[in-house]
Amino acid sequence: MSYARSVIKQIQTGATAISAGATSATATITSSSTSKSLASLRVAGAYAAGASNGDPPWTVTLTNATTVTVSKVATNNAASVPWTVVEYY
């Protein structure tokens, strides 16, 4: 019996701290192809609720092959933002 090869090359997870007074921070990851990867947030409940103007409170971006940037709308509180990067073949 043979099995199909997975379409996922690697999965990386983490949580990046953003200090009070800042709107973004970065994390270094193992190199991933930016054209074959998806960065996503791992938040739920109150953390996933949008700002009063409709903007999402958090964003995560695969800035380049080795950098994840997390951002938040407000600067008033520190936050630890959990993220996942999935790289596909």
Side-chain angles (χ1 to χ4, degrees):
M1 175 184 273
S2 64
Y3 295 95
R5 183 175 173 188
S6 174
V7 296
I8 296 175
K9 184 175 182 179
Q10 66 176 329
I11 298 173
Q12 299 180 68
T13 62
T16 301
I18 305 176
S19 61
T23 57
S24 67
T26 61
T28 301
I29 62 170
T30 301
S31 186
S32 294
S33 169
T34 57
S35 64
K36 297 179 180 180
S37 298
L38 173 68
S40 61
L41 292 167
R42 292 183 296 124
V43 295
Y47 289 109
S52 60
N53 65 357
D55 290 338
W58 319 102
T59 59
V60 61
T61 306
L62 185 57
T63 311
N64 59 48
T66 60
T67 306
V68 172
T69 301
V70 294
S71 303
K72 61 185 175 107
V73 173
T75 61
N76 53 345
N77 294 316
S80 180
V81 181
W83 49 264
T84 300
V85 175
V86 178
E87 182 181 12
Y88 298 91
Y89 283 104

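Here the CG atom belonging to N64 is positioned 8.0 Å from the OG1 atom belonging to T34, to the nearest 0.5 angstrom. T23 OG1 to W58 CH2: the interatomic distance, rounded to the nearest 0.5 Å, is 11.5 Å. Note that OG of S6 is 7.0 Å distant from OH of Y89, once rounded to the nearest 0.5 Å. The OG1 atom of T61 sits 12.5 Å away from the CH2 atom of W83 when rounded to the nearest 0.5 Å. Expressed to the nearest 0.5 Å, how far OG1 of T59 lies from CG of L41 amounts to 7.0 Å. If you take OG on S40 and CG on L62, they are separated by 11.0 Å, rounding to the nearest 0.5 Å.
Across every non-hydrogen atom of R42 and G14, the tightest pair is NH2-O, 3.0 Å. In this structure, S33 and E87 approach most closely via the heavy-atom pair N-OE2, 3.1 Å.
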Checking side chain to side chain contact (heavy atoms under 4.5 Å, CB included) for the pair V60/V81: CA distance, chi angles, key distance, verdict? CA-CA 9 Å; V60 61; V81 181; 5.9 Å; no
Working for side-chain hydrogen bond (donor to acceptor under 3.5 Å, both in side chains), residues T69 and T63: CA-CA 6 Å; T69 301; T63 311; 2.5 Å; yes
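Remark: the backbone N or O of S31 is paired with a side-chain donor or acceptor of Q10 at under 3.5 angstrom.
A donor atom on one side chain and an acceptor atom on the other are not found under 3.5 Å apart for T26 and T67.
Hydrophobic clustering keeps I11 apart from I29 (ILVMFWY residues linked when any side-chain heavy atoms are closer than 4.5 Å, directly or through intermediates). By the rule that hydrophobic residues join a cluster once side-chain heavy atoms approach within less than 4.5 Å of another member, I8 and V85 end up as members of separate clusters.
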